[in-house]
Amino acid sequence: MSHSAGQRASRFEVMRDALTRTRMVLDDVPAPEDGQVVARVDGFGFTANNISYAVFGDLLGYWQFFPAENGWGQIPTWGFAEVTASAHAEVAVGTRLFGYVPMASHLVLTPGSVNTERIVDASPHRSALPAAYNTYRLTAADPLYDPEREDVQMLLWPLFFTGFVIDRFLASNHLFGADTVVLSSASSKTAIATAHCLAGRDIEVVGLTSPGRIEWVSGVPGYDRVVGYSDVDALDPGPAVFLDFAGDAAVRSAVHHRFGHSLTHSATIGGTHWEQGGPAEDLPGPTPEFFFAPDHWGPDAEVPLASAWTSFVAHLGDWFTIEHRSGADAVEATYRATLAGEADPSVGTVVRLA
């Protein structure tokens with residue numbers, strides 16, 4: 001066993017009911033208890049999807065993964081970590097992992113199930129949470145792992161996973177009889193991943209976005225048409241499915257009123273417009289249903305998911321660039337820009353706190 005005695009650990013926390021309040025907490029690097037491992041977080045991706053984790057943190061249990069005290073919370077992210085101390089017989093120091101990590105310099109896990117491909121965290125506070133979020137892939141045996149594409153995996157893999165599952169959900173329901181799928185927050189990376197998957201279906205894919213982003217989103221593969229939020233009334237009110245990645249009450253209302261009972265299904269997926277959120281009241285058409293990707297996942301999708309991911313990654317050069325930022329100030333700045341909706345959708349930010 002080895003650990004980083006004398007070093008400091010840091011973590012970024014936000015106030016759960018006031019997301020603009022933040023703090024950086026410093027502490028000693030933890031030493032693993034029996035059966036635990038400590039891993040250094042080498043980096044994590046941060047996108048609008050992480051803001052959705054915060055917005056829906058209480059509803060979907062996201063705050064429970066990495067608990068904090070007195071109303072504070074740690075927003076989950078996806079990243080890589082390397083085991084630096086182990087008190088678990090089956091997990092060696094130096095093991096490299098990909099999975100759910102906090103906005104922090106270190107991560108403590110209690111591996112339960114361990115095999116050559118993955119470990120599953122069995123920490124008591126995570127036992128009732130979705131297995132998809134408790135599973136960590138071992139890069140040494142992960143067929144999808146490419147050391148040259150770690151940044152892409154951190155930023156886009158979890159978002160693509162959601163888009164892929166949405167596509168399969170719609171297909172399994174015969175697209176709810178719709179001719180059109182309308183996606184709000186079309187510049188968000190989860191919406192883009194969904195549009196990519198839907199592009200293979202016999203259905204029109206329409207993206208809704210802010211006026212300043214119409215031109216850029218129009219160049220992203222997957223969308224057949226892109227319109228501004230103020231132009232919802234220009235859409236043909238035929239049979240349609242609404243995928244709401246924005247969580248904006250006004251946009252949701254506009255879509256429902258435009259399509260009315262021609263709207264065959266309405267799914268709430270994200271909260272990129274978190275400040276404009278509100279209850280779904282007095283809406284014509286179907287009642288919006290919350291879509292939680294892990295509830296619709298099955299092991300039979302693993303092979304087609306890998307193939308679809310490879311196709312998606314092959315087209316990234318057309319619309320996506322990556323920047324790297326490190327240190328406490330960079331974490332704070334990245335979080336605030338994304339929270340305020342000011343982050344450039346064509347750029348993915350990989351952050352390292354340590």
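If you read the sequence from its start, that first residue is 1, and numbering goes on from there. Keep in mind the model is a prediction, meaning the values are calculated, not measured.
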Under the ring-ring contact (aromatic ring centres under 6.0 Å, His included) criterion, do Y133 and F65 qualify, and how do the steps go?
CA-CA 9 Å; Y133 294 138; F65 286 94; 5.6 Å; yes

Mind running side chain to side chain contact (heavy atoms under 4.5 Å, CB included) on H265 and F242 for me, showing each step along the way?
CA-CA 6 Å; H265 184 74; F242 180 42; over 6 Å; no

I'd like to know whether L109 forms a side chain to side chain contact (heavy atoms under 4.5 Å, CB included) with R126, so could you lay out the CA-CA distance, the side-chain angles of the two residues, the decisive distance to 0.1 Å, and finally the verdict.
CA-CA 10 Å; L109 300 173; R126 295 175 66 163; 3.9 Å; yes

Taking it one step at a time, do F56 and F292 satisfy ring-ring contact (aromatic ring centres under 6.0 Å, His included)?
CA-CA 11 Å; F56 298 117; F292 188 49; 10.0 Å; no

Assess the residue pair Y229 and D248 against the criterion (side chain to side chain contact (heavy atoms under 4.5 Å, CB included)); give the C-alpha distance rounded to whole Å, side-chain angles, the decisive distance to 0.1 Å, and a yes or no.
CA-CA 11 Å; Y229 290 121; D248 186 316; over 6 Å; no

Could you walk me through whether T116 and L138 pass the side chain to side chain contact (heavy atoms under 4.5 Å, CB included) test, one step at a time?
CA-CA 7 Å; T116 58; L138 278 61; over 6 Å; no

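Between the side chain of T264 and the main chain of F176, a donor-acceptor pair closer than 3.5 Å is present. Not one N or O on the side chain of D224 forms a donor-acceptor pair closer than 3.5 Å with the backbone of V206. The backbone N or O of T20 sits less than 3.5 Å from a side-chain atom of R336, completing a donor-acceptor pair. In this structure, the side chain of S262 engages the main chain of P237 through a donor-acceptor pair within 3.5 Å. Within the 3.5 Å criterion, the main-chain N or O of W72 finds no donor-acceptor partner in the side chain of E13. Within the 3.5 Å criterion, the main-chain N or O of S307 finds no donor-acceptor partner in the side chain of S311. Although no hydrogens or angles enter the test, the distance criterion places a donor-acceptor pair under 3.5 Å between the side chain of S86 and the main chain of V91. With S184 contributing its side chain and F245 its backbone, the two residues share a donor-acceptor pair below 3.5 Å.
F169 CZ to L175 CG: the interatomic distance, rounded to the nearest 0.5 Å, is 10.5 Å. Interatomic distance, I192 CD1 to L159 CG, rounded to the nearest 0.5 Å: 9.5 Å. Summarising the geometry, atom NE2 belonging to H88 is positioned 8.0 Å from atom CD1 belonging to I119; distances are rounded to the nearest 0.5 Å. Atoms CG and CH2, from D58 and W63 in turn, are 7.5 Å apart once rounded to the nearest 0.5 Å. Interatomic distance, S105 OG to D42 CG, rounded to the nearest 0.5 Å: 11.0 Å. One finds the CG atom of L353 at 11.0 Å from the CD atom of E332 (value rounded to the nearest 0.5 Å).
In this structure the side chain of W319 reaches within 4.5 angstrom of the side chain of L316, judged on heavy atoms. The closest side-chain heavy-atom distance from W157 to V313 is not below 4.5 Å. The closest side-chain heavy-atom distance from L155 to K189 is not below 4.5 Å. Counting heavy atoms from C-beta outward, F291 and V165 have side chains that approach closer than 4.5 Å. Looking at N50 and F44, their side chains never come closer than 4.5 Å, going by heavy atoms from C-beta outward. Contact annotation: the side chain of D244 never approaches that of V251 to less than 4.5 Å [non-hydrogen atoms, C-beta and beyond]. When side chains are defined from C-beta on, L235 counts as touching L208, because their heavy atoms get closer than 4.5 Å. Inter-residue side-chain proximity for F46 and I51 is flagged as met; some heavy-atom pair is nearer than 4.5 Å.
For L339 against L19, the heavy-atom pair with the smallest separation is CD2-O, 3.6 Å. Contact detail for V331 and M103: the closest heavy-atom pair is CG1-CE, 3.7 Å. Looking at every heavy atom in both residues, L283 comes nearest to S253 through CD2-CA, 3.7 Å. Between T77 and P102, the shortest heavy-atom distance links the atoms OG1-O, 4.0 Å. Of all the heavy atoms in H106 and R8, the pair that sits closest is CE1-O, 4.2 Å. Taking both residues in full, the closest heavy atoms of P286 and L263 are given as CD-O, 2.9 Å, listed atom of the first, atom of the second, then distance.
Environment of CZ in R21: sparse, with no more than 12 heavy atoms of neighbouring residues, nucleotides or ligands closer than 6.0 Å. Annotation for D329: atom CG does not count as buried by contact number, only 12 or fewer foreign heavy atoms lying within 6.0 Å. Heavy-atom contacts from other residues, nucleotides or ligands closer than 6.0 Å to CG of N115 number more than 12.
For the pairing with R213, the side chain to side chain donor-acceptor pair (under 3.5 Å) check across S346, S218, S187 returns one residue only, S187. Here the options are H324, M154, R325, the test is side-chain contact (heavy atoms from CB on, under 4.5 Å), and the partner is T349; only R325 passes.
Under the 4.5 Å side-chain heavy-atom criterion for Ile, Leu, Val, Met, Phe, Trp and Tyr, L60 and Y53 are members of the same hydrophobic cluster. Residues W216 and F320 are members of one and the same hydrophobic cluster, defined by side-chain heavy-atom contacts under 4.5 angstrom among Ile, Leu, Val, Met, Phe, Trp and Tyr. When the side chains of ILVMFWY residues are joined at heavy-atom separations under 4.5 Å, either directly or via intervening members, L144 and V350 end up in a single hydrophobic cluster. When the side chains of ILVMFWY residues are joined at heavy-atom separations under 4.5 Å, either directly or via intervening members, V25 and V351 end up in two distinct hydrophobic clusters. Linking ILVMFWY side-chain heavy atoms closer than 4.5 Å, directly or via other members, places F80 and I322 in a single hydrophobic cluster.
Aromatic pair W78/Y100: ring centres closer than 6.0 Å. Aromatic ring centroids of Y145 and F98 lie 6.0 Å or more apart.
No side-chain donor from either of T180 and R225 sits under 3.5 Å from a side-chain acceptor of the other. Looking at D121 and S123, their side chains do bring a donor and an acceptor atom within 3.5 Å of each other.
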